[in-house]
Amino acid sequence: MGYRKVEFLIWVLSILCLVCLCVGFDPKDHYLIDCGSASDTTVGDRVFVSDKSGSKFLSTPQDVLASTNLKSITSSDDSPLYQTARIFTETSEYSFSIHKHGRIWIRLYFFPFVFNAYNMSSAKFAVSTESHVFLSQFSASSASVKEFSLNVTSDNLVITFTPLENSFAFLNAIEVVSIPDVLITDDARTVDTRQNFQGLFFQALETVARVNMGGPLVSFENDTLWRTWVPDQSFLVTKNGVKNVSNIAAVKYPQGGATPDIAPKTVYGTATAMNASNDPHNNYNVTWEFNVDPGFRYLVRFHFCDVESTAPNTLYFNVYVDSWNVAPDFDLTTASFNLLASAIYMDWVTVPAISNKLRVSIGPSTLADVDPNAILNGLEIMKMNNSMGSLSVADFVPPGSSSKKKVGAVVGVSIGAFVVMVLALLVFILCRRRKRMAAQGHSKTWIPLSINGNSHTMGSKYSTRTTTSIASSQGYRIPFIAVQEATNSFDESWVIGIGGFGKVYRGVLNDGTKVAVKRGNPRSQQGLAEFQTEIEMLSQFRHRHLVSLIGYCDEKNEMILIYEYMENGTLKSHLYGCGLPSLSWKQRLEICIGAARGLHYLHTGYAKAVIHRDVKSANILLDENLMSKVADFGLSKTGPEIDQTHVSTAVKGSFGYLDPEYFRRQQLTEKSDVYSFGVVLFEVICARPVIDPTLPREMVNLAEWAMKWQTKGQLEQIIDSNLVGKIRPDSLRKFGETAEKCLADFGVDRPSMGDVLWNLEYALQLQEAVIHGDPEENSTNVIGELSPQVNNFSNLDTTASAVEMSSVDDLSGVSMSRVFSQLVKSEGR
């Protein structure tokens, strides 16, 4: 009787597990819209709501709802979503409230039909968000679904449809749906060097192919994330020599491997394999070929599950992306946690594509006493956005561009791609040589800074000291239980941001201190480097314009950093995109001055200069009084030695802010931070994104566009409308000149951060100073009535060292009397 009870209990638990697997992911944000429909539409078990007039999602100047009487749209898809469409004759927007920051899917449904005077096959338009272009110069010729993946860090997502060339735009349906955090991580490696690819979190992705090898079509009804997986037959280069394998019931999802959200059992349970049974000495590869756009990188995800072998460690093979052997002598059993039929996947990032074809292959291993065989269960290929934030090979081209320019651009891209390939090959050869010399078996596992009280050397680029002083300091090392309590057990509703390192939670320590808790991804090599850098750096530096490190936690294989909480978030959020009240010109100047002080301290306040490398408005945080502090030092590096002019290093930074000289020469100096800060200055005065692909070509890059107006002496033409008439001309002129100098082509021509700081202080004084006869004459800030000390600036003690000055303020503190002396003496620095 006891045995039957146990058997019954196991049966119940099995049923519950199956139910849990069937339920799948529950997205926090789940918007399904049937565009142009007068009523809601049901597709399977999903309901697409109407966007009829008055819809809270849509903002469009004109309502044009189209419908067709066609009973069957195409031979392969008779979805009711294709029966209606919304037509946009002018720029229109869909706006969605985002309840959970993170990656989402955006699926756009297109089917062109004729409605009255609108032939949708002739429509030409662009689709974009604030930061990315999805489609540009787009025309639909048949039924299709365009699927994009985007990391959203704001509370609102706006998708814009822009008609081009006197045409119109249209859309049949749209989905905006949350994606599980584990679906896209920073664990991908590059095909050329096999090193971790950093920055995948921030990439926008477009699905190019999603293929079920050796199996049938898997429709969205059979996928927990509503994906469609197509058969692989049409992609096979040679269909002879392959066989289909199927054993869906055997598939297991091991802990640490794939999950049903990564891919369903119907994908892992089927495979395309080599058919070498007739001739065991066959030596050939099974190859699939896909159409791609040149110039882009691609994320290639392989899905593996050994549903063919009857014994472990019998299946070894090679895996190729184009000509790169990314997994030589791949042992599927070992990779699958020594279990047969265990679902796993691996991600690879390609070099920028040169041709319009991408090939993926599997082939036999060259190991002795191994039967020639290879299998692949599933494959996904996703295009990654380019440096302009675009996923479209066709950019916005202004009227009048000659064909010669276009040909020149193509030739330039081809030559550049060739150079990139040569460099990549050289890097690959060097890396292989280095790997041979290095000790084998390096672990990727995060090793805590201190275990049982013993400290490990961090290998810091700031010093050769160990972390003993940090680990032993109760003011820095915080127990995991305390961090857990502070964040309400890492409550997802307390997430205030997501970055390459991991999620950021708001929290409150038991003494009432408000904190921001950055919890790292233990599997991310990027996270380990950032963790070490931030602890080493922020534990040594204290400055009122640098975000303070409260502590860190390295228990339970965690990487957690705890910072002071900045009540007013990022400078970027106060400039555009979040609907916050506009900042006054004085507030903006004071914020810029504070950030400049923090950067000046980094550059001068230590034995070696520290270069931030990621200066941008999103990394300038504001406290409850709007005082600015520079944050996020994960990419920082020490500057050159005394006898050197630069540091040679791989290019890191953010698009739109990146120093072009650093990008070209891969030589880093403090002046790279100065360039990025110059972009921030223009961002502050124009209140628009630094890269906006939805604008005409000449306006896309803020730095280039603002510099054109600045050099013409007409910067006032493009400033934030909220500032019009509120900036004194002299203050605006000095501010513009300062930004212009920061953006000089060559670093030697740019000012130091100290000079930038002086000139910003000067611009603030020009703004606050009152000329006699001015309506604000009763102000005490009158140029003609400066203090006697200022008018007698020659009496100032100019022999004081920077260290002596810091005793009053800090190493970046600027004596106001010296600023006033510059006012009288000249026009600042």
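Only a predicted model underlies this, so the values are computations on that prediction, with no experimental measurement involved.
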Using side-chain hydrogen bond (donor to acceptor under 3.5 Å, both in side chains) as the criterion, list what pairs up with Glu93, not counting sequence neighbours.
-> none
For Phe134, check ring pair (Phe, Tyr, Trp, His ring centres under 6.0 Å) against everything at least two apart and list the hits.
-> Phe148
When rounded to the nearest 0.5 Å, the distance separating CG of Leu299 from CD of Glu206 is 13.0 Å
How long is the gap from CG on Leu32 to CH2 on Trp226, to the nearest 0.5 Å?
-> 8.0 Å
Between Glu130 and Tyr576: side-chain donor-acceptor atoms closer than 3.5 Å = no
Residues in ring pair (Phe, Tyr, Trp, His ring centres under 6.0 Å) with Phe48, at least two apart?
-> none
Run the ring-centre check on Phe110 versus Phe138 and record whether the distance is less than 6.0 Å.
-> yes
Can you tell me if Ser50 and Asp40 form a side-chain donor-acceptor pair at under 3.5 Å?
-> no
Gap between atom CG of Asp51 and atom OH of Tyr94 - 0.5 Å precision = 3.5 Å
Return the set of residues passing side-chain hydrogen bond (donor to acceptor under 3.5 Å, both in side chains) with Lys383 (not counting sequence neighbours), or none when no residue passes.
-> Asp293
Would you call Glu558 and Arg519 a salt bridge, taking side-chain N to carboxylate O under 4.0 Å as the test?
-> yes
side-chain hydrogen bond (donor to acceptor under 3.5 Å, both in side chains) against Lys514, all qualifying residues, sequence neighbours excluded = none
Taking the six-membered ring for Trp, is the centroid-to-centroid distance between His303 and Trp229 below 6.0 Å?
-> yes
Sorted by chain and residue number, the side-chain hydrogen bond (donor to acceptor under 3.5 Å, both in side chains) partners of Thr259 (sequence neighbours excluded) come out as none
Does the side chain of Thr185 come under 3.5 Å of the side chain of Asp187 through a donor N or O and an acceptor N or O?
-> yes
Is the shortest distance from a Lys or Arg side-chain nitrogen in Lys100 or Asp181 to a carboxylate oxygen in the other one below 4.0 Å?
-> yes
